[in-house]
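Have a look at the structure below before the remarks.
Each chain gets a letter, A, B and so on, in the order its sequence line appears, and its residues count up from 1.
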Amino acid sequence: SMSERRKQFPFPEFEPKWQQLWLERQTFHAPNPEEPGFDPAKPKFYVLDMFPYPSGEGLHVGHLEGYTATDIIARYKRMKGFNVLHPMGWDAFGLPAEQFAIKTGLHPCVATVRNVERFKSQLSKIGFSYDWAREINTTDPGYYKWTQWIFLNLYNSWFDLQKNAARPIEELVATRRQEFPHETEEKRREFVDEHRLAYVTEAPVNWCPELGTVLANEEVVDGKSEVGGFPVVRRPMRQWMLRITSYADRLLEELEPLDWPESIKILQRNWIGRSEGAQATFRIDGLDDSIKVFTTRPDTLFGATYVVLAPEHPLVDRVTAPTQRAAVAEYREKVSAKSDLERTDLAKEKTGIFTGGFAINPVNQEKIPIWIADYVLISYGTGAIMAVPGHDERDFEFAKKFALEIRYVVEPPTPAESCFTGDGVARNSAFLDGLTTAEAKRRIIDWLEEQGSGKRSITYKLRDWLFSRQRYWGEPFPIIWRNGRHEALRESDLPVVPPPLDDYRPTGTIEPPLAKAKAWITLSDGATRELNTMPQWAGSCWYFLRFVSPDETSRFVAENAECYWMAGNETRNRGRGGVDLYVGGTEHAVLHLLYARFWHKVLYDLNYVSTIEPFQRLVNQGMILGQDNQKMSKSRGNVVTPDKIVEEYGADALRLYEMFLGPLESTKPWSMSGVEGVYRFLARVWRLAMDEDQEGEWQLSSVLGSVELGAKQQKVVHSTIKKVSEDLESLSFNTAIAQMMIFVNEFTGAEIRPVEAIRALLILLSPFAPHLAEELWWRLSIRFTGFEGLACEQPWPKWRDEFLTEDEVEIVIQINGKLRDKVTVRKDLTKAELEQVVLASRKVRETTRDKSVRKIIVVPNKLANVVVD
RNA sequence: GCCGAUGUGGCGGAAUGGCAGACGCAACGGACUUAAAAUCCGUUGACCCGAAAGGGUCGUGCGGGUUCGAGUCCCGCCAUCGGUACCA
């Protein structure tokens with residue numbers, strides 16, 4: 001096997017050597033503004049990876065693609081003269097960590113420490129230039145103290161619609177007191193609690209019996225838990241929610257200017273799901289009450305033939321006629337027992353039941369039946385719809401199944417047995433007749449508003465964020481309960497440390513595991529602690545801020561440092577700045593990235609941070625598939641771990657191959673022979689400068705020399721500098737490496753190898769293959785120039801255009817667009833001169849002997865196309 | 001269904017509207033070697049003509065279009081992958 005063979009270059013010796021030296025010299029430590037060694041003249045660059053969950057499985061090569069890319073950029077930017085913040089840490093709370101602990105029987109604390117060690121040692125062997133002095137762990141009390149503190153800020157804030165921003169809760173209390181001076185303390189408190197950004201509500205939630213916890217909508221995939229794939233059912237429970245919906249518009253608008261992939265922006269927009277329409281009020285026949293429905297097609301109001309309430313709608317009991325009571329109760333029972341999976345699976349077949357009640361259509365006073373059906377969701381819009389089966393697929397299906405009337409109110413004429421959902425012209429709609437859909441919408445909304453039976457309305461798919469979990473391994477809430485009311489702890493009470501439980505498994509009931517810590521629950525004054533914990537996402541919502549000042553004890557982030565690393569040279573409040581480059585997988589497109597933006601905006605509103613957005617530029621690395629072209633997974637047995645690659649080919653070869661496989665963003669399969677390819681390339685670089693003597697010892701090559709470069713060599717050197725520099729700016733790592741291969745191919749054949757050219761290559765190579773670059777740089781320095789510092793500390797070279805072109809250029813000659821000939825001519829011939837040369841060429845003369853030239857297109861220094869009849 | 005991405009040699013992939021296939025892998029040939037490995041030097045899209053030198057035709061998922069010129073731009077399809085789904 002490879003490992004028994006002699007290595008083509010002695011990376012096992014020099015890779016650990018340089019890693020240790022970088023650590024000892026703190027080469028990659030980025031000082032903060034007040035620290036010694038900080039250079040205020042340099043611009044900042046914050047380049048961040050999505051920090052990992054230290055799972056029990058360790059890293060595989062797929063994780064390392066993004067890390068390698070950011071590391072190359074970090075090293076490149078340092079050489080370009082930036083102060084670079086490039087940190088790494090551990091997102092160690094949450095379900096995966098806890099599931100692992102339960103599986104192995106190891107306490108999560110112990111397992112986490114062990115997993116972190118494993119991850120860190122894996123990363124250390126790859127030569128990443130992280131500033132390890134900034135390492136953070138979300139499970140550190142010194143960290144989650146501030147996660148809890150941010151929660152307190154959410155709890156103690158409300159969303160001011162006028163200002164479109166979060167404000168301290170005291171402002172609301174004061175205003176309320178002024179407006180309603182005689183309101184009881186009790187009432188006022190209720191009102192205030194209803195406006196907090198963190199609030200408690202009893203609502204149907206996603207309960208996963210297997211995991212013993214509730215989950216956010218985002219964590220439920222196809223009716224199963226995203227973690228583990230266990231069934232999820234809906235049940236009402238008292239839970240903590242975060243009012244992310246208040247930020248829906250800002251999350252949409254402030255997304256626009258960001259330098260993110262358009263596809264990710266679209267995912268976020270769809271997730272927020274803003275839709276414009278109207279609310280219309282249908283009086284209930286025989287009752288002094290009404291049903292509000294939301295519709296995006298108010299122009300079809302005249303086509304409404306029935307109304308549907310969600311089974312959970314609060315008005316169901318009131319509208320239900322005595323004769324239907326039993327049937328309705330039975331239907332509701334059946335629906336509530338359904339899991340989400342069943343609900344989606346059965347989506348093809350619509351179900352529902354008539355309540356016996358009737359609603360009055362506000363436009364024509366018509367009495368139409370009220371049904372309940374689970375195709376109407378309580379959590380969207382008003383939880384009730386007007387059904388227009390002539391112009392809505394779902395209503396049409398339902399109407400057909402239950403033989404309800406179908407009425408067409410939009411031209412073009414719709415064939416029977418179908419519905420038309422497009423735009424057209426209103427008909428059978430009284431005063432709307434003849435109006436286009438857009439006009440009719442405007443007209444009917446105005447009319448509804450005049451009549452007081454409706455209004456313009458905007459609805460979002462985005463729901464408030466279910467923020468509590470019934471788990472042990474998460475941040476406890478900084479909340480206590482007294483007389484059935486929640487109360488915030490003070491900042492001085494933080495951190496709230498979880499009790500040291502031996503049995504931390506889910507209780508199997510809705511009661512969280514923290515309930516088992518009897519002594520911990522009850523405080524001396526009789527108050528009891530909140531038993532839920534925060535979800536996995538809490539810690540990762542703000543970790544990029546903690547990296548800025550990880551040891552700060554008096555604040556979640558040091559003010560000056562935040563201003564420097566996040567806002568940089570941008571003036572406060574302009575909304576620019578933030579993390580300059582954020583690289584991670586698409587799987588976080590709507591979870592982490594939406595939550596983190598939300599928290600950041602709250603912190604901005606409360607004046608704690610200087611930018612409205614946390615991540616200025618986002619790049620998604622593509623997935624790396626196994627050699628079998630399948631997703632890497634343990635069960636498929638196609639997982640490639642970095643450890644083995646590092647051992648056999650070295651860290652540099654691993655790094656280089658990660659980048660050489662293809663464009664960063666695309667999905668691509670791993671190939672071991674591809675690794676060998678870049679390994680061979682690195683060995684060629686090594687042998688460019690090194691020879692083996694009789695004893696097999698490596699020594700500087702005897703054909704190295706300080707010689708002038710030939711024109712062709714100069715051209716290769718400078719075009720390599722240019723190509724690598726430009727490709728790094730656009731993150732086109734694969735083509736940058738290809739150019740360095742061209743460089744090496746050129747100089748391998750040289751009789752005397754010019755030291756200056758090799759030194760230039762080593763600088764360019766150093767972000768990619770830092771160990772090899774460092775080793776050769778050092779060896780060449782000793783022999784030729786004396787020590788001039790580390791390779792990774794050299795200034796990035798500049799190319800000179802005058803070396804890029806030669807005196808002569810090759811001109812492609814096309815006839816009627818087809819390649820027919822080539823001529824070599826002096827550079828910068830005029831169009832007229834070039835035309836003469838082309839017309840005089842053999843091929844063109846042969847062709848034009850019996851054909852006439854209609855036109856000649858000349859592209860100077862490049863091409864000429866002769867068009868003939 | 002809807003949204004997004006992708007489609008180029010045997011393979012991974014290159015190509016500001018201007019020589020399609022850079023660079024690498026694999027394969028084949030040669031040098032070195034007692035031999036092998038490693039290394040170094042070559043060849044390598046398909047097809048056709050030619051003894052050779054050389055020449056020609058086709059070719060970037062499919063069908064159209066714009067252009068002197070299209071992998072690249074426009075229109076219409078197909079396939080694969082990913083996301084999402086009763087959102088009124």
> Taking it one step at a time, do A/L466 and A/L215 satisfy side-chain contact (heavy atoms from CB on, under 4.5 Å)?
Replying inline: CA-CA 7 Å; A/L466 175 72; A/L215 298 170; 5.8 Å; no
Set out, line by line, the N/O atom pairs under 3.5 Å between protein and nucleotides 40-49 of chain B.
{"residue": "B/C40", "atom": "OP1", "partner": "A/R684", "partner atom": "NH1", "Å": "2.7"}
{"residue": "B/C40", "atom": "OP1", "partner": "A/R687", "partner atom": "NH2", "Å": "3.4"}

> Over how many whole Å does the gap from A/W260 atom CH2 to B/G4 atom C1' extend?
Replying inline: 16 Å
> Can you check whether A/K822 has a side-chain N or O nearer than 4.0 Å to OP1 or OP2 of B/G18?
Replying inline: no
> What residues, two or more places apart in sequence or in another chain, satisfy ring-ring contact (aromatic ring centres under 6.0 Å, His included) together with A/H313?
Replying inline: none
> So which one's nearest nucleotide on RNA chain B is more toward 5', A/V678 or A/K818?
Replying inline: A/V678
> Pairing of RNA chain B as dot-bracket, 5' to 3': ( ) intra-strand, [ ] crossing, | other strand, . unpaired, with Watson-Crick or G-U pairs under 3.5 Å?
Replying inline: (((((((..(((.....[....))).(((((.......))))).(((((....)))))..(((((..]....))))))))))))....
>> Any donor-acceptor pair under 3.5 Å linking the side-chain atoms of A/D727 with those of A/T735?
In response: yes
>> Show, in sequence, the C-alpha distance, side-chain angles and deciding distance for A/I370 and A/F282, and conclude whether the side-chain contact (heavy atoms from CB on, under 4.5 Å) test is met.
In response: CA-CA 10 Å; A/I370 303 171; A/F282 284 63; over 6 Å; no
>> In whole Å, I'd like the distance from the CD1 atom of A/I372 to the P atom of B/A88.
In response: 22 Å
> Rounded to the nearest 0.5 Å, what separation is found between the CD atom of A/E262 and the CZ atom of A/R269?
Replying inline: 5.0 Å
> Can you tell me if A/S379 and A/R463 form a side-chain donor-acceptor pair at under 3.5 Å?
Replying inline: yes
> Pick one: which of A/L654, A/L656, A/L661 meets side chain to side chain contact (heavy atoms under 4.5 Å, CB included) with A/V678?
Replying inline: A/L656
Report each atom pair, protein N/O against N/O of nucleotides 78-80 of chain B, whose distance is under 3.5 angstrom.
none

> Are A/Y657 and A/V61 side-chain neighbours, meaning at least one heavy-atom pair lies under 4.5 Å?
Replying inline: no
>> Which nucleotide wins on minimum distance to the side chain of A/Y375, given the candidates B/C23, B/G56, B/C86?
In response: B/C86
> Taking the side chain of A/L377 as its heavy atoms from C-beta onward, which of B/G24, B/A88, B/G56 lies nearest to it?
Replying inline: B/A88
> Going 5' to 3' along nucleotides 65-77 of chain B, which nucleotides have protein heavy atoms under 4.0 Å from the base (write B), which only from the sugar-phosphate (write S), and which from neither (write -)?
Replying inline: ---BS--------
>> Tell me the interatomic distance from A/L267, atom CG, to B/A85, atom P, rounded to whole angstroms.
In response: 11 Å
>> Checking side-chain polar atoms at under 3.5 Å, does A/T720 have a donor or acceptor matched by the opposite partner on A/Q739?
In response: yes
> With side chains defined as the heavy atoms from C-beta onward, is the minimum distance between A/R684 and A/T748 less than 4.5 Å?
Replying inline: yes
>> Which is it for B/G71, anti or syn, if anything within 90° of zero counts as syn?
In response: anti
>> Would you say that A/M659 contacts A/I72 through its side chain, given a criterion of any heavy-atom pair below 4.5 Å between the two side chains?
In response: yes
>> What's the separation between atom NZ in A/K855 and atom CG in A/N816, rounded to the nearest 0.5 Å?
In response: 11.5 Å
> What distance separates A/E276 CD from A/F294 CZ, expressed to the nearest 0.5 Å?
Replying inline: 8.5 Å
> Just how far, in rounded Å, is P of B/G4 from CD of A/Q268?
Replying inline: 16 Å
> What string of B, S and - do you get for nucleotides 5-17 of chain B 5' to 3' if you count protein non-hydrogen atoms under 4.0 Å?
Replying inline: -------BSS-B-
>> Rounded to whole Å, how long is the line connecting atom NZ of A/K461 with atom P of B/G83?
In response: 16 Å
> When you look at A/Y460 and A/S275, which way does the side-chain contact (heavy atoms from CB on, under 4.5 Å) test go after all the steps?
Replying inline: CA-CA 6 Å; A/Y460 301 88; A/S275 50; over 6 Å; no
> Distance under 6.0 Å and angle within 45° of the ring axis: does A/K350 meet both against A/Y375?
Replying inline: yes
> Touch check for A/G273, heavy atoms < 4.0 angstrom, all strands: base, sugar-phosphate only, or nothing?
Replying inline: nothing
> Which is true for A/K843 with a 4.0 Å heavy-atom rule: it touches a base, it touches only sugar-phosphate, or it touches nothing?
Replying inline: sugar-phosphate
>> Evaluate A/D249 against A/R274 for salt bridge (Lys or Arg N to Asp or Glu O under 4.0 Å), listing each step before the verdict.
In response: CA-CA 8 Å; A/D249 271 330; A/R274 180 189 151 102; 2.9 Å; yes
>> Between B/C86 and B/C77, how far apart are the two P atoms, rounded to whole Å?
In response: 27 Å
